[in-house]
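Beneath this line is the structure, given in structure tokens, with notes to follow.
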2 protein chains.
Amino acid sequence: MAESSRRLRPEPRYGTRPTMKDVAARAGVGLKTVSRVVNGEPGVTPDTERRVQEAIEALGFRRNDSARVLRKGRTASIGLVIEDLADPFYGPLNRAVEEVARAHGALLINGSSAEDPEREQELVLALCARRVDGLIVVPAGHDHRYLEPEIKAGVATVFVDRPAGRIDADAVLSDSFGGARAGTAHLVAHGHRRVGFIGDQSVIHTAAERLRGYRAAMADAGLVIEPGWISLGTTDPDRVREAVAAMLDAPDPVTAIFAGNNRVSVTVVRVLAGRARPVALVGFDDIELADLLDPGVTVVAQDAATLGRTAAERLFQRLDGAADAPERVVLPTRLITRGSGELPPAH
Amino acid sequence: MAESSRRLRPEPRYGTRPTMKDVAARAGVGLKTVSRVVNGEPGVTPDTERRVQEAIEALGFRRNDSARVLRKGRTASIGLVIEDLADPFYGPLNRAVEEVARAHGALLINGSSAEDPEREQELVLALCARRVDGLIVVPAGHDHRYLEPEIKAGVATVFVDRPAGRIDADAVLSDSFGGARAGTAHLVAHGHRRVGFIGDQSVIHTAAERLRGYRAAMADAGLVIEPGWISLGTTDPDRVREAVAAMLDAPDPVTAIFAGNNRVSVTVVRVLAGRARPVALVGFDDIELADLLDPGVTVVAQDAATLGRTAAERLFQRLDGAADAPERVVLPTRLITRGSGELPPAH
DNA sequence: TTGAAAGCGCTAACAC
DNA sequence: GTGTTAGCGCTTTCAA
């Protein structure tokens, strides 16, 4: 029933839309003249132009960019695939990419991979089929060879936040390793010997890098990481809550925690707020209102907007013809001390 | 120099891309057979299909959706114009719209109006030129008659968060009036007689509605609002800081504040944290970590994801042919008490 | 200054 | 089962 009524519905939705041909007929000029007026090309008498403009107004004509794209080759649009449009970390990145695209007269098509490699690929290929001029991708997967034909065909591609897997491509990253190392070292410098690390899934590049930074800082200080001090997995609050509890309720509990990203930090803060014994905390990524908590949350901040802007600018350089070798740009992080990372060890 | 080199660069970026014709030639079949295989249409022998698939693989063929769109009329994409992609309030809305679009096989093109009516119109019309099947708009302007020809031509349009201006269109809103009235009444119920209101610019529909709710609650309680208790303007922190200071440093200061949205709340919380005398606060919109502050921030929460999902579902109903009169859906808000709104008046 | 014709890559309609 | 033709609405080319 629903099915058949759906079939019977008239398909053509633009059949009613006026085309340049209609405008030409109404204005009594040739098709090409309308094209000239619409595109602001020279070589049209003011009088002719006026007549064409009137016809455009009267008919409510709007150029069909699909046809234009087909003919011209360029779509003046770029695709952005991120992990989650709802994540506050990616909001500023998204906006920064949009601003650069806008400055270049391009529209932004975007979507979430939901940390699923298949969904990432599906989305990326759909964008390629739409013939976006370029792509900015926060990769979920680790094998981007599926993009090779696309890149060869001229789709400029820049990876952001995480590097591409198994292909050589531009990437703009934050210094996850260095940031985590500095953050952990900060805790050690405040007297902590028993420091836990709660991170995202280890398949995620940034998560692995941050873990590496933590390990490096511990090694730098000559500290041996004991079993149970490291917990990796999803950022699901239940998972993180259990991880924190396990570390704090162990016979010889940690006195400080390094949280691998903003999602983890938020849950850790919640758990610690409900505990009597103070536990030091440094989190990767800044969090809104972190300064107003008691204690304030010390963080290793990265600049998502700069990440996005840099990636987008690189993309448009490529679209403007830059043909140098793919490069990896690594942006520095910044340690912001607010109290939680400066708490002394409680025994 | 740069200009001329830009001109000389070879324009055709897809000329190198294989087309169905190329695939057909390579597979030794007709064009239409390739089309059938690519679109999974029936009526192709397994053997022929295999040969076509091989040619597709070998050539790295990917269907050009621009051409498909031109022929079919539908683009399988929708446009979303919001105020600011970076605003944490709109992240979940954005994501919810994306999920619905995805479920319907459509891509999402989106952009920020930056609260600028001209930019909104520019973006909307660009999306129309791309022939998006439908539009979801958080309006910045108050006159959407420019959309009339588009809507007439079949572009389904749903407004979200704020209603359209001067045209009759679907809208999905939160109950700003009711929420603000309830939030203000909550303060009054806790003994406050001198309640201030700090809101966004009054041209923004939600800001005006919330102010109206505040006024209604005060009137309900028989309270007269004194000059200086209402401050409207941008959500710029400096502006809000000054507004709070003015209310608190007046000879007869307010004992409670109603904050018109999340941006305002954050700044008010910061200011109050630096003051000795406790001031009650209820904010419109929930804020992450609001529960962990001391006192926790009492808020009138709205559900941005439901707002987005509802709007997107309405849009696809329209695209599926729903032709009933435009309707306005108003979603309820929810008062979440956490402490700041329950503080008694300090004299 | 203006316009007619060709064609971008695909799908719809209708052959065979 | 398969192929041929026309044409979506625009830009490009070239002639007038």
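Numbered from 1 within each chain, the chains take letters A, B, ... in sequence-line order.
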Go through A:Glu122 and B:Arg102 one step at a time and tell me if the salt bridge (charged side-chain N to carboxylate O under 4.0 Å, His left out) criterion holds. CA-CA 11 Å; A:Glu122 190 185 298; B:Arg102 190 176 126 84; 3.2 Å; yes
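Using a 4.0 Å cut-off between charged side-chain N and carboxylate O, A:Asp324 and A:Arg318 make a salt bridge.
Of all non-hydrogen atoms in A:Arg162 and A:Ala140, the two that sit nearest each other are NH1-CA, 4.0 Å. Across every non-hydrogen atom of A:Lys21 and A:Leu31, the tightest pair is N-CD1, 3.6 Å.
Annotation for A:Glu118: atom CD does not count as buried by contact number, only 12 or fewer foreign heavy atoms lying within 6.0 Å.
Exactly one residue among A:Asn110, A:Val160, A:Leu127, A:Ile136 makes a side chain to side chain contact (heavy atoms under 4.5 Å, CB included) with A:Val81. That residue is A:Leu127.
The stretch residues 45-59 of chain A comes close to DNA chain C through A:Thr45, A:Thr48, each having a heavy atom under 4.0 Å from the strand.
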Could you run through nucleotides 10-16 of chain C and give me one letter per nucleotide, 5' to 3': B if any protein heavy atom sits under 4.0 Å from the base, S if only the sugar-phosphate is that close, - if neither? SBBB---
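If you check the side chains of A:Arg130 and B:Asn64, you find no donor sitting under 3.5 Å from an acceptor. Donor-acceptor pairing under 3.5 Å is lacking for the side chains of A:His144 and A:Gln121. Between the side chains of B:Glu98 and A:Ser112, at least one donor N or O lies within less than 3.5 Å of an accepting N or O.
End-to-end axis angle of the helix from C:dT1-D:dA16 to C:dC16-D:dG1, from C1' rotation axes over five pairs per end: 40° (rounded to 10 degrees).
With hydrogens and angles ignored, the 3.5 Å screen pairs a side-chain donor or acceptor of A:Arg131 with a backbone N or O of A:Cys128.
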